[in-house]
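Reviewing the structure listed below.
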Amino acid sequence: MRERLAPYAQLVRQVREALRLGVLKPGDRLPAVRDVVVSCTVNANTVLKAYRELEHVGLVEARQGSGTFVTGSLGAVEPHDMARLRTGLSRWVGEARQAGLEDEDVKALVTAVLAEEPAAAHRGQWHGAEA
């Protein structure tokens with residue numbers, strides 16, 4: 001089944017992912033609405049709705065005449081740990097592609113593993129396991 005998100009929800013998800021990956025940090029300014037309209041070819045109301053949603057959950061703050069700024073963060077993983085995990089995941093994705101898996105195959109496999117492992121992840125059993 002293919003997930004179909006409303007355009008504003010896609011923008012919210014992109015900002016949340018950027019916060020989780022450390023691409024955006026508290027104090028950073030989000031792009032101006034007009035810049036997002038041009039780059040993403042969406043309506044200004046779509047961008048404003050996304051920014052309001054992010055503000056509602058305490059991740060950004062609109063400052064009159066200055067723009068919208070990141071005030072919150074997501075994810076508690078240290079940047080060096082995130083970089084190490086990303087490197088390992090990139091290596092694994094490369095192996096999956098060499099084995100003939102396509103992007104949708106990889107996504108399905110990751111989704112299946114995530115669905116199987118929530119109890120183990122909450123117990124911390126996979127920390128320190130060999131990748």
Side-chain angles (χ1 to χ4, degrees):
M1 181 182 340
R2 190 168 215 185
E3 182 183 3
R4 182 110 176 124
L5 288 176
Y8 89 91
Q10 292 177 32
L11 291 172
V12 168
R13 184 175 65 188
Q14 289 175 359
V15 170
R16 292 179 68 89
E17 287 175 357
L19 289 167
R20 287 195 185 283
L21 295 173
V23 174
L24 285 174
K25 298 175 182 69
D28 288 348
R29 183 177 179 265
L30 293 184
V33 171
R34 67 180 171 278
D35 293 337
V36 178
V37 166
V38 171
S39 66
C40 297
T41 62
V42 294
N43 185 300
N45 289 329
T46 299
V47 181
L48 290 169
K49 185 175 181 178
Y51 283 13
R52 279 193 304 268
E53 172 75 17
L54 292 164
E55 189 170 15
H56 179 72
V57 296
L59 294 175
V60 302
E61 174 185 75
R63 297 179 189 160
Q64 187 71 27
S66 299
T68 302
F69 291 84
V70 174
T71 56
S73 62
L74 294 172
V77 177
E78 294 293 326
H80 66 277
D81 288 333
M82 186 64 84
R84 179 181 51 80
L85 292 168
R86 185 182 184 115
T87 299
L89 184 57
S90 292
R91 185 175 34 251
W92 181 84
V93 168
E95 291 173 8
R97 286 190 174 133
Q98 284 182 344
L101 275 68
E102 295 183 6
D103 287 355
E104 290 300 318
D105 301 324
V106 170
K107 290 175 187 174
L109 187 55
V110 169
T111 299
V113 169
L114 287 172
E116 293 170 359
E117 298 296 328
H122 289 293
R123 289 190 307 264
Q125 291 181 347
W126 58 279
H127 287 278
E130 293 292 323

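From a predicted model like this one, the values you see are computed outputs, not experimental measurements.
Looking at residues two or more places apart in sequence or on another chain, you find a salt bridge (charged side-chain N to carboxylate O under 4.0 Å, His left out) between Arg97 and Asp103. Partners of Lys25 under the salt bridge (charged side-chain N to carboxylate O under 4.0 Å, His left out) rule, at least two apart in sequence or in another chain, do not exist in this structure. Under the side-chain hydrogen bond (donor to acceptor under 3.5 Å, both in side chains) criterion, Glu61 pairs with Arg63, not counting sequence neighbours. Arg84 meets the salt bridge (charged side-chain N to carboxylate O under 4.0 Å, His left out) test with Asp81; sequence neighbours excluded. Here Val23 pairs with Ala18, Leu21 under the side-chain contact (heavy atoms from CB on, under 4.5 Å) rule; sequence neighbours left out.
Atom CZ of Arg29 has more than 12 heavy atoms from other residues, nucleotides or ligands within 6.0 Å.
Between Gln14 atom CD and Leu5 atom CG the span is 10.0 Å, to the nearest 0.5 Å. The distance from the CZ atom of Arg52 to the NE2 atom of His56 is 12.0 Å, given to the nearest 0.5 Å. One distance of note links CG of Leu114 with CG of Leu109; it measures 9.5 Å at 0.5 Å rounding. Put simply, CZ on Arg4 and CD on Gln10 are 7.0 Å apart, with the number rounded to the nearest 0.5 Å.
In terms of heavy-atom proximity, Gly58 sits nearest to Thr71 at O-OG1, 3.4 Å.
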Going through the distances and angles, do Arg16 and Arg13 end up as a side chain to side chain contact (heavy atoms under 4.5 Å, CB included)?
-> CA-CA 5 Å; Arg16 292 179 68 89; Arg13 184 175 65 188; 5.6 Å; no

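A salt bridge does not link Arg20 with Glu17: every distance from a Lys NZ or Arg NE/NH1/NH2 to an Asp or Glu carboxylate oxygen is 4.0 Å or more.
Grouping Ile, Leu, Val, Met, Phe, Trp and Tyr by side-chain contacts under 4.5 Å, direct or through others, puts Val12 with Tyr8, Leu11, Val15, Leu19, Leu24, Leu30, Val33, Val36, Val37, Val42, Val47, Leu48, Tyr51, Leu54, Val57, Leu59, Val60, Val70, Leu74.
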